[in-house]
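Computed from a predicted structure; not experimentally measured. Proteins get letters first, then strands, A, B, ... in listed order; numbering begins at 1 in each.
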Amino acid sequence: MTSLTAIQLTFDGLLLGGVYAALGIGLNLIFGIMRVVNLTHGDLMVLGSYLAFTLFTAFGTSPLLSLVPGAVIIFAIGWGLQTAFFGRLREDNQREVLSLLLAFGLSSVIQNIILVVWGGDFRSVPLYTGSWHLGSIAFQKVHAVAFLFALTFTAVTWLLLHRTDFGLALRAASQQSSGARVCGVDVERVRRLAFGVGSALAGMVGALIVLMYAVSPQIGSDYVLKAFAIIVVGGLGSFPGALLGGALIGLGETFGGYFFGGNMSSIVSFVLLILVLLIKPSGILGTQRA
Amino acid sequence: MPKRIRSALAAAAALCLVAILGAPAVPDEKPIVIGFSISMSGEVSDAAGYLRQGYELWQKDINAKGGLLGRPVEFKIYDDQSDPQTSARLYERLITQDKVDLIISPYGSAVSSAASTIAEKYHMAFPAIASTPALARRGYKYVFLIPASSRDYYHGAIDVAVKMGYKTIAILGEDSEYPREAVPGSAEYAQAHGLKVVYQDFYPPKTTDFSSYLAHVKAANPDVFLNAGYTPEDVGLLHDLKGQDIYVKELVLGVGSSLPTWPKNTGTDGNYVFSATQYEPFVNTPGNKQFLEEYEKANGKTPDYRASQAYGACQILAAGVEKAGSLDQAKIRDAIGKLDMTTVFNRFKIDAKGAQIGARLMTTQWINGKKEIVYPADAATAKYVLPTPEWAKR
């Protein structure tokens, strides 16, 4: 392997990791902090893809612009999901498992709604193809944008959580909801907002995905699995951790695929996950939670 | 009237009524039910959609002509979600529970392969819409193939490359049925004709990121690049090839690049890509003009070759049924074994093992958003454009 190839692969892996990490941000809010096993996260991402595709086909709008209305619509859907479904789960120690089952069912429903509305054909938006260059290293344009998106929104979400009242309220509600209520936090409202924000983030990633790959109604399931792997590896609730997890898995896939070829690349992410769970179950940058 | 006679008359009247009402309906117009699964979702759903429309058009046409063996044709359809295991289960259900009279194929080598095993198990004639010749190597008696073998798909594109004096080729394929034949088939043919295979690999299904494979391709710097895959892989590879600044003189892609949705999904980047075909709307097969008109009227778009494949498959099955004069599956299969006819799709002739030896493959190229047949010369509608222009100039 030449050093040029190694450098190119490294950047490919990091950019790929950025895409996964971008999806992980919203999931970190919903699962990492609120402990809702949100299997619909990937499907909401796909919904974002289809909305971007529709606006592009109808009006020629670039997905980078339709990120905004898409985010608003999917925020509303996320809010609705928490209000109508996840918010109704009783707060006992079965909540996590029940949320998994609930999300599994909702995921099926959302995928089939997308299938009915848009059909099963693969969709892609052929804009911004090609790369920027730094010397002879190529950075695929949309991947680079997704990477920057991941960095930016990681910072924004971290600030939201640690420097705003909303963030304080969410963290309090997630650690001890009864205590938070006693302190005057409207726990339900805070949860709905968080679910909405997390979902909106997924929707925005969807608009980027439709520029990179061909999407179809089912691909949400594959992406959500990767996103879970990343936030577990990086540490639940840790936003820098998700970036790290994304980078590790992205690099693992590109280098693993290069050296071992074919099927090994997908094994890498899950081997990494297993190792982390065995050695440091709270994740690389995670902290032990009560 | 004495009481006994009145009750006897009443009983007789009641019996007559029961006899009349309970009598079985005259079986004359009992429909023939044809069962199949189709991928309404999942990886091959876009291609499978065309298949279904082809089937439905045939059903309309045959019913307008009085049906099959004088009986109307009905369909029983299930969604297999592009999953082979699901399809197998559904065919089992169609045959054992729904007790359909005939079966036709789902789309794609992987899914049809699974379904064909069930067909063989229950001794039902199965016109497989699958290109993998592996289906004919299992010693099955009831399964036969409609399309030409995927092993030969890209021979035309390789012939063109050799004509142009190209020297090297890199081949990638998805690790599933059709590429498992198409990749080695293309590699063998290339080597035999003086085109050196500098890189060859399979990627797992549902791969979205190809950077690791393309790192090898870039290092090998081939003249020709070939991918055997479906839409998501073709689109993903096209993006990644451009993104990694990999330029090849001849770019040959898989199923995705042969579908009418290709220009919409890839814009100008998708121009000048080669693919394999067995039918295009402008070919001269019998009944094609009418098929085209009716298809466009019913579906508002031009048919992809899979639609004509489906139509042709039904024509073959119907020919077998008419020749056998019954729904006896063994007789139907024997009758089909002796056929040599040209359907809307292509010529049909099978060998003793059920492999397709009549259908003819052609090579197409997208030129300015329009798909043209560029090889072989006697079927060509345009001359191929080679070498492919640089990325920026497409």
Side-chain angles (χ1 to χ4, degrees), chain A residues 1-2 4-6 8-9 11-13 15-16 19-20 57 111-112 114-115 119-127 129-133 136 138-144 209 211-219 222-223 226 250 253-267, chain B residues 38-49 79 81-83 172-175 200-216 218-219 230-236 238-246 256 259 261-270 391-392 394:
Chain A
M1 180 200 268
T2 66
L4 192 63
T5 315
Q8 180 67 60
L9 275 178
F11 281 108
D12 289 338
L15 289 185
L16 179 66
V19 176
Y20 294 144
T57 322
Q111 283 188 9
N112 283 287
I114 296 178
L115 185 60
D121 281 1
F122 283 90
R123 306 290 186 193
S124 188
V125 174
L127 292 176
T129 52
S131 329
W132 291 308
H133 294 88
S136 30
F139 295 86
Q140 286 199 47
K141 288 183 189 163
V142 187
H143 290 230
I209 294 276
L211 288 168
M212 288 188 265
Y213 311 118
V215 302
S216 78
Q218 274 90 2
I219 62 171
D222 306 320
Y223 280 91
K226 281 268 170 66
E253 284 190 359
T254 46
F255 279 95
Y258 183 87
F259 285 114
F260 305 111
N263 293 288
M264 289 306 285
S265 63
S266 41
I267 292 179
Chain B
I38 201 83
S39 310
M40 298 185 211
S41 54
E43 191 191 18
V44 304
S45 57
D46 47 357
D79 177 11
Q81 304 181 319
S82 302
D83 178 58
L172 271 185
E174 186 190 67
D175 198 359
Q200 184 182 336
D201 203 356
F202 287 100
Y203 48 84
K206 296 192 179 168
T207 302
T208 49
D209 181 77
F210 297 95
S211 35
S212 39
Y213 308 98
L214 292 180
H216 288 283
K218 193 166 188 174
Y230 295 98
T231 304
E233 295 83 38
D234 281 347
V235 172
L238 190 74
H239 276 185
D240 283 0
L241 280 166
K242 182 175 179 184
Q244 301 274 359
D245 299 317
I246 298 175
L259 294 170
T261 47
W262 180 251
K264 215 157 138 218
N265 276 338
T266 57
T268 51
D269 291 338
W391 287 107
R394 281 177 225 192

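- Going from atom CZ of Phe139(A) over to atom CD of Gln244(B) covers 11.0 Å, rounded to the nearest 0.5 Å.
- Shown here for Ser212(B) and Glu253(A), the closest heavy-atom pair between the two residues is OG-O, 4.1 Å.
- Closest approach of Ala138(A) and Gly243(B) over heavy atoms only: CB-O, 3.4 Å.
- For Ala219(B), no part lies near chain A; criterion is any non-hydrogen pair under 4.5 Å.
- Within the model, atoms CG of Asn112(A) and CE of Met40(B) stand 11.5 Å from one another, a figure rounded to the nearest 0.5 Å.
- When Asp269(B), Thr268(B), Thr266(B) are each tested for a side chain to side chain donor-acceptor pair (under 3.5 Å) with Thr129(A), only one passes: Asp269(B).
- There is no contact between Phe11(A) and chain B, counting heavy-atom distances below 4.5 Å.
- Annotation for Thr254(A) and Ser211(B): closest pair CG2-OG, 3.3 Å, computed over non-hydrogen atoms.
- Under a 3.5 Å cut-off, the side chain of Ser45(B) and the backbone N or O of Gly120(A) do form a donor-acceptor pair.
- Considering only heavy-atom pairs separated by less than 4.5 Å from chain B, the leading option among Val215(A), Asp222(A), Leu127(A) is Asp222(A).
- Using a 4.5 Å cut-off between heavy atoms, Asp240(B) touches chain A through backbone and side chain atoms alike.
- For a residue to count as touching a neighbouring chain, one of its non-hydrogen atoms must lie under 4.5 Å from one of that chain's; by this rule Thr208(B) touches chain A with backbone and side chain alike.
- Nearest approach of Ala214(A) to Pro232(B), heavy atoms of both residues: CB-CA, 4.0 Å.
- Distance CZ/Phe122(A) to NZ/Lys264(B): 15.0 Å, rounded to 0.5 Å.
- The side-chain heavy atoms of Ser124(A) and His239(B), taken from C-beta on, include a pair separated by under 4.5 Å.
- Residues His143(A) and Asp209(B) approach most closely at CE1-OD1, 4.3 Å, considering heavy atoms.
- Contact annotation for Thr57(A): only side-chain heavy atoms (C-beta onward) come within less than 4.5 Å of a heavy atom of chain B.
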